[in-house]
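None of these values were measured; they are calculated from a predicted model.
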Amino acid sequence: MQYFLTGKRMQAADRYTIETLGIPSLTLMERAAEACVNIMEAEAIDLSKPCVVCGSGNNGGDGFAIARMLSERGHTVQVCMAGNISHCTEETSCQIERLKRTGTKICDGYVPGEYSIIVDAMFGVGLNREVAGHYSQIIRQMNEADGIKFSVDIPSGISADSGMVLGTAFRADMTVTFQKKKIGLMLPEGRSYAGKLVAVDIGINTEQAEKAPDTVYALDAGDYRKLLPARPEDSNKGSFGKLLVIAGSKGMSGAAYLNAAAAYKSGAGLVQIYTAEENRTILQTLLPESIIQSYERYDEEKLLSLLAWADAVCIGSGIGMGEDSRRILETTLKHISVPCLIDADGLNLMAEHPEYWDDLPEGASVVITPHMKEMSRLLDVPVSRIKEERLSLLKRFTDTHPAVCILKDSRTLTAASGGQSALNLSGNAAMAKAGSGDVLAGITAGLMVQGLSCMDAALLGTFVHGLSGDLAREEMGPYSVLAGDLIRHVGNAFLEILKTQKE
């Protein structure tokens with residue numbers, strides 16, 4: 001399992017290591033600098049003409065130590081002081097004096113030139129304000145220069161917590177971060193600025209930080225393997241659950257098909273689709289393994305009988321926003337007694353009718369799968385704010401709503417009340433196609449109907465979905481993957497997970 005820390009948690013861990021465990025700050029700084037230089041050499045980066053740009057904080061101290069070590073290894077280094085030297089921390093001042101003993105000069109401000117590598121050590125994880133003035137100008141000049149761009153701990157101008165650009169940010173080809181990857185570097189915006197991200201152990205104790213409620217985790221292959229539902233030999237289709245898929249208004253048969261096919265591929269024993277009458281023939285042709293029930297108008301008696309049949313329900317994909325769909329959703333939520341996944345139009349209807357949350361029976365097991373725009377409607381806040389505060393807003397939502405929330409994005413977060421959020425690391429941009437979310441809903445519901453808890457089904461479902469996309473991209477490249485190709489690779493994704501069991 002991996003843990004991703006916020007800037008404040010990382011700073012607290014740093015203080016604990018120094019003040020309680022007694023490891024001097026300068027020792028940690030030396031380890032950090034040495035790790036950076038060693039990685040530069042291991043990556044065969046051209047060090048013929050390095051430029052190190054430093055701030056006045058301890059991130060700058062790391063930079064000055066890097067410059068000294070490069071000089072000691074025979075490189076002629078251009079060192080630039082971007083901050084106010086009178087504001088230097090004690091450790092940074094010490095590193096400046098150590099650097100001067102090598103005969104290396106320190107320039108005031110950034111000096112444009114032709115460099116083989118530009119090392120960014122201006123701002124660390126504590127940055128919480130917008131980069132402006134001459135700092136902004138320096139970062140723009142660094143970004144425009146040729147040469148490899150290398151960041152120390154975090155690209156300057158990137159929020160360690162949200163990954164958002166704080167005015168202006170350094171765009172790195174490689175970032176070496178210390179002890180733990182910062183959550184901001186794992187989220188979409190920060191990820192695009194970090195380049196190749198490497199975490200190095202420099203001896204900071206993060207055990208307490210890893211337990212904090214705002215710390216995000218990611219499962220590893222072994223963790224996902226343990227979540228796989230059992231497949232005993234002495235079983236039949238009833239052993240693996242009966243899933244009711246309520247999906248597909250007129251002209252939206254594809255959503256129902258993708259839900260149901262993905263659920264079957266994920267191991268569900270029996271899938272019954274409840275859909276608009278116009279979709280019946282298409283779905284019977286596309287997926288003969290499923291049972292098709294249809295409606296021309298809202299039929300409460302029929303719906304209640306289907307709900308009584310099901311071991312789990314997947315509702316919302318492509319059902320539309322009409323009155324019949326609204327009544328179907330309302331009735332389902334009032335009478336649900338089995339795990340239920342709500343997707344797409346189901347979520348949009350709930351955004352219009354937040355009172356439906358109160359209709360859920362006590363102790364209901366619910367998973368929701370909003371993308372950013374759907375989450376914006378549920379929260380009634382703009383997408384831009386969700387991107388800036390996604391961790392706190394997600395936690396606030398799950399603490400006040402009885403559901404596991406899969407917040408879909410290029411890096412998907414999953415959370416439930418009272419627990420830490422989980423980050424899914426599988427998946428890629430080839431999956432950004434219509435129907436991809438319907439496949440995720442089907443995979444997750446297919447796992448729920450086999451007896452996994454809502455949280456476990458959400459975690460495994462998002463990983464299998466992303467891994468299916470990774471396998472599809474390997475076969476087809478980044479442009480041509482369709483939602484149906486994800487379904488085609490679901491079985492291969494499960495095989496990949498099973499392989500880890502044998503290794």
Side-chain angles (χ1 to χ4, degrees), residues 243-266 268 271-296 298 303 306 310 312-329 332-333 340-352 366-375 377-378 406 408 412 431-449 458 461-462 464-465 468-469 472 481-490:
L243 177 66
L244 176 63
V245 171
I246 304 174
S249 58
K250 182 179 179 180
M252 295 293 288
S253 59
Y257 164 75
L258 293 169
N259 278 172
Y264 264 136
K265 283 283 192 176
S266 300
V271 179
Q272 187 165 194
I273 303 173
Y274 191 44
T275 189
E277 172 61 29
E278 292 84 354
N279 298 329
R280 175 188 287 276
T281 302
I282 297 171
L283 289 170
Q284 286 177 331
T285 303
L286 285 174
L287 195 63
E289 297 90 343
S290 64
I291 304 168
I292 310 298
Q293 299 284 350
S294 63
Y295 60 87
E296 292 185 353
Y298 172 72
L303 177 58
L306 291 171
V313 174
C314 178
I315 184 171
S317 300
I319 63 172
M321 299 291 289
E323 179 62 13
D324 285 341
S325 299
R326 184 197 67 76
R327 296 179 72 186
I328 288 171
L329 177 68
T332 299
L333 297 183
C340 180
L341 184 145
I342 310 169
D343 183 42
D345 288 332
L347 297 173
N348 292 329
L349 285 167
M350 293 194 76
E352 290 187 355
V366 177
V367 175
I368 63 172
T369 56
H371 56 54
M372 296 294 278
K373 188 63 177 177
E374 290 161 349
M375 194 66 178
R377 298 184 188 111
L378 288 170
I406 301 173
K408 297 182 294 193
T412 293
M431 302 169 66
K433 296 281 180 68
S436 181
D438 300 328
V439 175
L440 172 62
I443 293 172
T444 305
L447 294 168
M448 291 165 64
V449 81
T462 53
V464 169
H465 179 249
S468 300
V481 174
L482 300 179
D485 298 312
L486 303 181
I487 293 175
R488 189 163 53 85
H489 281 86
V490 167

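Counting only heavy atoms from C-beta outward, the side chains of Leu303 and Ile246 approach each other to under 4.5 Å. Put simply, the side chain of Ile328 does not reach to within 4.5 Å of the side chain of Ile319, judged on heavy atoms.
Residue Ile342 comes nearest to Met350 through the heavy atom pair CD1-SD, 3.6 Å, listed as atom of the first residue, atom of the second, then distance. Nearest heavy-atom pair, Ala344 versus Ser317, reported as atom, atom and distance to 0.1 Å: CB-CA, 3.9 Å. The two residues Cys340 and Ile315 come nearest to each other via the heavy atoms SG-CG2, 3.9 Å. Scanning both residues, Asp345 and Met321, for their nearest heavy atoms gives O-SD, 3.9 Å. Closest heavy-atom contact between Ala260 and Val271: CB-CG1, 3.7 Å. Counting all heavy atoms, side chain and backbone alike, Val490 lies closest to Ser468 at CA-OG, 3.4 Å.
At least one donor-acceptor pair closer than 3.5 Å links the side chain of Thr444 to the backbone N or O of Leu440. Asn259 places no side-chain N or O within donor-acceptor distance of the main-chain N or O of Ala256, the cut-off being under 3.5 Å. At least one donor-acceptor pair under 3.5 Å links the side chain of Lys408 to the backbone N or O of Thr369. The closest donor-acceptor contact from the side chain of Tyr257 to the backbone of Leu286 lies at 3.5 Å or more, if one exists at all. Using a distance-only test at 3.5 Å, with no hydrogens or angles considered, no donor-acceptor pair links the side chain of His465 to the main chain of Leu486. Without hydrogens or angle criteria, Lys433 side chain to Val481 main chain gives a donor-acceptor distance under 3.5 Å. In this structure, Thr462 contributes its side chain and Ala458 its backbone to a donor-acceptor pair below 3.5 Å. The closest donor-acceptor contact from the side chain of Asp343 to the backbone of Ala441 lies at 3.5 Å or more, if one exists at all. With hydrogens and angles disregarded, a donor-acceptor distance shorter than 3.5 Å links the side chain of Glu374 to the backbone of His371.
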Take Ser325 and Leu349, measure what side chain to side chain contact (heavy atoms under 4.5 Å, CB included) needs, and give me the verdict at the end.
-> CA-CA 9 Å; Ser325 299; Leu349 285 167; 4.3 Å; yes
Verdict with supporting geometry, Arg327 and Asp324, salt bridge (Lys or Arg N to Asp or Glu O under 4.0 Å) = CA-CA 5 Å; Arg327 296 179 72 186; Asp324 285 341; 5.2 Å; no
Decide yes or no on salt bridge (Lys or Arg N to Asp or Glu O under 4.0 Å) for Glu323 and Arg326, but give the supporting numbers first.
-> CA-CA 5 Å; Glu323 179 62 13; Arg326 184 197 67 76; 2.7 Å; yes
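Distance check: Asn348 CG to Lys373 NZ gives 10.0 Å after rounding to the nearest 0.5 Å. Here the CG-CG distance, from Leu306 to Leu244, works out to 5.5 Å after rounding to the nearest 0.5 Å. Note that the CD1 atom of Ile443 and the OG atom of Ser266 stand 4.5 Å from one another [nearest 0.5 Å]. Here the CD1-OG1 distance, from Ile292 to Thr281, works out to 10.0 Å after rounding to the nearest 0.5 Å. With values rounded to the nearest 0.5 angstrom, Leu243 atom CG is found 10.5 Å from Leu447 atom CG. In this structure, the separation between CG on Leu258 and CE on Met252 is 9.5 Å, given to the nearest 0.5 Å.
In this structure, the salt bridge (charged side-chain N to carboxylate O under 4.0 Å, His left out) partners of Glu277, at least two apart in sequence or on a different chain, are Arg280.
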